[in-house]
Novice: 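Dumping the structure here so I can ask a few things about it.
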Amino acid sequence: MTVAQASGEVLAVHGGPPVRQTLLPYGRHSIDESDIQAVVETLSSDWLTTGPKVAEFEEALAAWVGAKYAVSFSSGTAALHAAAFAAGLQPGDEAITSPLTFAATANCVLYQGATPVFADVLEDTLNLDPNLVAARINAHTKAILPVDYAGHPANLDSILQLAERHGLVVIEDACHALGAEYRGRRVGSLAHMTVFSFHPVKHLTTGEGGMVTTDNPVFAETLRCFRNHGISSDARQRQSAGQWHYEMVLLGFNYRLTDIACVLGLQQLKKLEANLARRRQIAARYFAEFGNLAGALPPQTQPEVNPAWHLYPIRLDLPRLSVGRGEVFKALRAENIGVNVHYIPVHRHPYYRDRFGYEGGEYPVAEAAYECLITLPMFHGMTDGDIADVVYALSKVLTHFGR
């Protein structure tokens with residue numbers, strides 16, 4: 001498909017025929033018969049909640065990323081909250097994170113009564129700018145929460161060096177980045193604690209679910225206790241020991257992941273390498289197609305990383321277009337391409353504006369990126385035909401609106 005071919009077509013939003021007859025979502029889970037059968041077998045077992053599959057999944061995931069410990073949770077958000085607790089965040093403390101993320105990254109700091117402090121992002125990768133993080137550190141700072149935006153690891157060496165210099169805990173929000181590599185090592189083996197999400201649009205799914213990986217045994221034990229009401233043993237341990245006694249040693253939550261979810265996670269883990277390879281193939285095709293497409297600015301990557309490509313966000317080159325992001329979004333949706341936007345900067349949400357007095361303009365790089373970001377479909381179940389539809393539709397729309 002060429003730009004010349006696209007230029008003569010009437011957009012679907014203007015009454016023309018859409019590129020696709022059905023909506024292609026920006027993300028979608030992939031479940032096969034082996035996943036279904038494993039879940040069915042677990043439904044017939046003695047354990048539906050915290051049983052043997054939980055520990056099995058944790059051990060397998062820890063080994064895969066190269067961490068000593070992995071602790072599962074009912075969601076990525078619960079995992080972030082637990083990591084904030086294990087890091088010791090409390091009222092009066094501050095934690096520095098990115099404004100260009102899902103709200104849960106900052107919310108987990110608030111759950112602990114601490115204050116999220118934002119630092120702006122780098123122009124290229126849209127990850128935290130370590131120099132701006134350094135400028136925000138003060139006597140109240142206890143943690144840094146870098147976000148691996150879209151699956152591209154943050155500048156972890158610089159952030160970990162800052163943390164060591166100031167005695168801080170690094171909680172890496174890698175909910176986009178399972179399988180990403182940073183300087184030859186897998187994400188999950190680098191930060192003091194790393195948080196993953198197993199939401200259906202991620203690289204593997206447990207339905208809902210999350211995990212924290214760490215090499216610190218104190219963090220690991222605190223995380224296990226926190227997810228289980230603050231109780232220092234679980235039901236399976238007590239049954240194995242033939243005793244009933246338990247003790248609540250801290251104020252925790254019921255953030256446990258079930259055996260049903262974990263057996264699904266174990267099956268999905270077997271496919272993770274293939275899922276990652278497919279996402280990287282899709283990204284490579286997008287890069288090849290969009291590198292010279294007027295109006296589209298593909299994401300930038302650094303040479304020392306191998307991104308996991310949870311998302312494929314492009315930035316619209318608005319000076320070369322006759323309309324704004326909103327019109328392009330509507331036009332692509334009319335073509336049945338399920339584009340999305342990631343993310344509204346956290347400090348621009350009403351809750352954060354009302355509570356902290358943000359007015360906009362505080363983080364110009366993140367805010368400027370938001371105004372032109374648009375997320376294209378990216379999931380490992382996409383066919384070559386799906387990819388071709390995205391390429392055709394974006395070319396069609398941007399050619400029509402080109403100046």
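On a predicted model such as this, the values are computed, not experimentally measured, just so you know. Position 1 is the first residue of the sequence, and the numbers go up from there.
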Novice: How would you list, by chain and number, every residue that makes a salt bridge (Lys or Arg N to Asp or Glu O under 4.0 Å) with D384, sequence neighbours excluded?
Specialist: R278

Novice: Are F356 and H347 close enough that their ring centres sit under 6.0 Å apart?
Specialist: no

Novice: With sequence neighbours left out, write down each residue that passes ring pair (Phe, Tyr, Trp, His ring centres under 6.0 Å) with Y286, or none if nothing qualifies.
Specialist: F290, Y312

Novice: Students often mix this up, so state it plainly: with edges at 30° and 60°, are the rings of W309 and F287 parallel, tilted or perpendicular?
Specialist: perpendicular

Novice: Begin from the C-alpha positions of R183 and E304 and carry the test side-chain contact (heavy atoms from CB on, under 4.5 Å) through to its verdict.
Specialist: CA-CA 5 Å; R183 298 181 186 251; E304 69 270 18; 3.9 Å; yes

Novice: More than 12 foreign heavy atoms under 6.0 Å from CG of D32: is that the case here?
Specialist: yes

Novice: Which residue, Y111, F219, F85, forms the ring-ring contact (aromatic ring centres under 6.0 Å, His included) with F226?
Specialist: F85

Novice: Stepwise, does the side-chain contact (heavy atoms from CB on, under 4.5 Å) test hold for L190 with V170?
Specialist: CA-CA 9 Å; L190 298 155; V170 175; over 6 Å; no

Novice: With side-chain contact (heavy atoms from CB on, under 4.5 Å) as the test, would you mind laying out the steps for L128 and L122 before giving the verdict?
Specialist: CA-CA 6 Å; L128 266 179; L122 294 161; over 6 Å; no

Novice: What's the verdict on side-chain contact (heavy atoms from CB on, under 4.5 Å) for H192 and I171, showing C-alpha distance, side-chain angles and the deciding distance?
Specialist: CA-CA 6 Å; H192 301 133; I171 302 169; over 6 Å; no

Novice: Return yes if some donor-acceptor pair links the side-chain N/O of S189 with the main-chain N/O of R186 below 3.5 Å, else return no.
Specialist: yes

Novice: Measure up the Y149 and Y343 rings against each other and bin them: parallel (under 30°), tilted (30 to 60°), perpendicular (over 60°).
Specialist: perpendicular

Novice: If we only count heavy atoms from C-beta on, is the T258 to V263 side-chain gap below 4.5 Å?
Specialist: no

Novice: Can you tell me if H140 uses its side chain to pair, donor with acceptor, with the backbone of G92 under 3.5 Å?
Specialist: yes

Novice: Without hydrogens or angle criteria, can the side chains of Y352 and N107 be said to hold a donor-acceptor pair below 3.5 Å?
Specialist: yes

Novice: Can a donor-acceptor pair be found, under 3.5 Å and without considering hydrogens, that links the side chain of R325 to the backbone of L373?
Specialist: yes

Novice: If you count every heavy atom of other residues, nucleotides or ligands that lies below 6.0 Å from R280 atom CZ, does the total exceed 12?
Specialist: yes

Novice: Would you call the rings of F118 and Y358 parallel, tilted or perpendicular, taking 30° and 60° as the class edges?
Specialist: tilted

Novice: Taking NZ, NE, NH1 and NH2 as the nitrogens, is one of them in R185 or E181 under 4.0 Å from a carboxylate oxygen of the other?
Specialist: no

Novice: Could you tell me whether R279 and E273 make a salt bridge, using a distance below 4.0 angstrom between a side-chain N and a carboxylate O?
Specialist: no

Novice: Report yes if some heavy atom in the side chain of T141 is under 4.5 Å from a heavy atom in the side chain of H166; otherwise report no.
Specialist: no

Novice: Do NZ/NE/NH1/NH2 and the carboxylate oxygens of D215 and K68 come within less than 4.0 Å?
Specialist: no

Novice: Would R20 and E335 pass as an ion pair if we require N to O under 4.0 Å?
Specialist: no

Novice: Heavy atoms, side chains only, cut-off 4.5 Å: are L293 and L394 in contact?
Specialist: yes

Novice: Please tell me whether N336 and Q21 have a donor and an acceptor in their side chains that are separated by less than 3.5 angstrom.
Specialist: no

Novice: Under a 4.0 Å N-O cut-off, is there an ion pair linking D259 with K53?
Specialist: no

Novice: What I'd like to find out is whether the side chain of F57 reaches to under 4.5 Å of the side chain of L264, using heavy atoms alone.
Specialist: no

Novice: Show the numbers, then the answer: is there a side-chain hydrogen bond (donor to acceptor under 3.5 Å, both in side chains) between S72 and R227?
Specialist: CA-CA 9 Å; S72 61; R227 72 170 175 197; 3.2 Å; yes

Novice: Enumerate the ring-ring contact (aromatic ring centres under 6.0 Å, His included) contacts for residues 20-40, please, sequence neighbours excluded, ordered by first and then second residue.
Specialist: Y26-H342

Novice: Any ion pair linking R348 and E371 (charged N to carboxylate O, less than 4.0 Å)?
Specialist: yes

Novice: Please report whether the ring centroid of F196 lies less than 6.0 Å from that of F73.
Specialist: no

Novice: Using every non-hydrogen atom in the two residues, find where L126 and A369 come nearest and quote the distance to one decimal.
Specialist: CD2-CB, 3.8 Å

Novice: Should the pair E327-K330 be classified as a salt bridge under the 4.0 Å nitrogen-to-oxygen rule?
Specialist: no

